[in-house]
Amino acid sequence: MRSQLIRGIAVLAGLSLHYIKISLYNAGMEKLVTALKAAGEPTRLRILALLGQGELTVNELVQVLDQSQPRVSRHLKLLAEAGLIERCQEGTWVFCRLADRGPNAALLRVTLDMLPADDEALARDHKRLAQVRSARASSADAYFRANATEWNRIRSLYVPEAEVEACLLRALEGRELDDFLDIGTGTGRMLEIFAHRVGHGLGIDANQDMLAIARNMLARKGIANCQARQGDLYDLPVADNSQDAVLLHQVLHYVDDGEGAIAEAARVLRPGGVLLVADFAPHGEEFLRDEQAHRRLGFADQEVIGWGELAGLSKRSISHLDGGRLTVTIWELEKAGGLGRSRGAAARPEAAE
Ligand SMILES: C[S@@+](CC[C@H](N)C(=O)[O-])C[C@H]1O[C@@H](n2cnc3c(N)ncnc32)[C@H](O)[C@@H]1O
């Protein structure tokens, strides 16, 4: 089946080439032929199938494909030159993702749709990818398990914490917050600072050790309107359109699939609800990967805005809080279709960029 697909792509590429030879020069046609030729090879098709599951580092692709790094890099170079993938260097890691715009995005959608569901090599790759991801998740989980009791201290090491918290509270000023969700709640600090503002607060986290500390804190401080529950941020145990505000505070840089995390957050927001994402602006502090299990070294404004747009959220404001070595960005994104559930005359903060 897969070889038929490759043959099909190769035939299409050949036909297109033939067309170019007999017709006037056409740049669009030449680009299409280059893209089809790049996709029409077994390993490169496997790479496209893997990237169809979300962005991956070169090293992760090497592990999954079980080929040498120079070999995988050659394939990636060809795919990038053909405009089928984008490569993005971040510190010592290179992230690869499928092109998500223009004619090549359409070509990729068709190609990925045509991949046979019963192909053994593809099934093996997906199994290996799941193992690579789960090994990464376990090491991040082990980090949080080992550092749960220290997390409140670690969190405040590199960021202007009081400023960030004041900015988050300001962003939701004047909003009716019956239901508030803190994704990746950790030790529950965000529940603590929002408790007085919300009808009901729910913190979700994958890590039981972090949750134990969060529950302890809620009980100790008598915060009865907030709960902490175990769950996965890609599959929240929360109904569609049920939350007035959702927060992802210092979580995105740990996850494999930022786009997926934001899409899931958007799913549970009510129309007119707000997603606040607080995370680092792009930085070069590689030690955070080695010592604190970070995957991404921060995010450009447009990357998070773009993920929001794909999930039906539009930008309301962006704030940058300079903490010296690291800058924290707060993205405020809103789900369309709200009736403006404001609770008074308080003005929302000015958009800062
Ligand atoms: C850096 S901590 C941030 C905690 C909290 N938001 C704060 O600011 O103190 C990131 C948290 O995300 C959680 N996390 C990571 N991946 C997750 C997943 N897939 N589902 C749920 N929680 C996850 C970790 O267990 C960890 O507690």
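As the structure lists them, so they are numbered: ligands from 1, and atoms in each ligand from 1.
- Summarising the contacts of atom 19 (N) of ligand 1 with L248, D279, D232, L252, the nearest heavy atom is found in D232.
- Checked against side chain to side chain contact (heavy atoms under 4.5 Å, CB included), A300 has the following partners two or more places apart in sequence or in another chain: P282.
- The aromatic rings of Y254 and F144 sit perpendicular to each other, their planes meeting at more than 60°, with 30° as the lower class boundary.
- Side-chain contact of S314 with E309: a donor-acceptor pair under 3.5 Å is absent, judged by distance alone.
- In this structure, of D141, D205, L233, the residue bringing a heavy atom nearest to atom 13 (C) of ligand 1 is D205.
- If you number the atoms of ligand 1 from 1 as listed, the ones under 4.0 Å from a heavy atom of Q250 come out as 1 (C), 2 (S), 3 (C), 10 (C).
- Contact analysis leaves G188 out of contact with ligand 1, as no non-hydrogen atom separation drops below 4.0 angstrom.
- At a 3.5 angstrom cut-off on N or O pairs, V255 does not count as close to ligand 1.
- With a 4.0 Å cut-off on non-hydrogen atoms, M210 touches ligand 1 through its side chain and not its backbone.
- Using bins of under 30°, 30° to 60° and over 60° for the plane-to-plane angle, the ring pair W93/F95 lands in the tilted bin.
- For the pair I204 and ligand 1, no heavy-atom separation below 4.0 Å is found.
- At a cut-off of 3.5 Å, with distance as the only test, no side-chain donor of D279 or H249 sits close to an acceptor on the other residue.
- If you number the atoms of ligand 1 from 1 as listed, the ones under 4.0 Å from a heavy atom of G186 come out as 4 (C), 27 (O).
- Applying the side chain to side chain contact (heavy atoms under 4.5 Å, CB included) rule to D257 yields the partners Y234, E259; only residues at least two apart in sequence or on another chain are considered.
- Residue contacts with ligand 1 for T185 involve N, CA, C or O but no side-chain atom from C-beta outward (heavy atoms, distance under 4.0 Å).
- The atoms of ligand 1 that sit less than 4.0 Å from any heavy atom of G184 are 3 (C), 4 (C), 5 (C), 6 (N), 11 (C), 12 (O).
- Between H294 and H253, the two ring planes are parallel [angle under 30°; tilted spans 30° to 60°].
- The shortest N or O to N or O distance between Y234 and ligand 1 is not below 3.5 Å.
- Atom OG of S317 sits about 11.5 Å away from atom CH2 of W331, to the nearest 0.5 Å.
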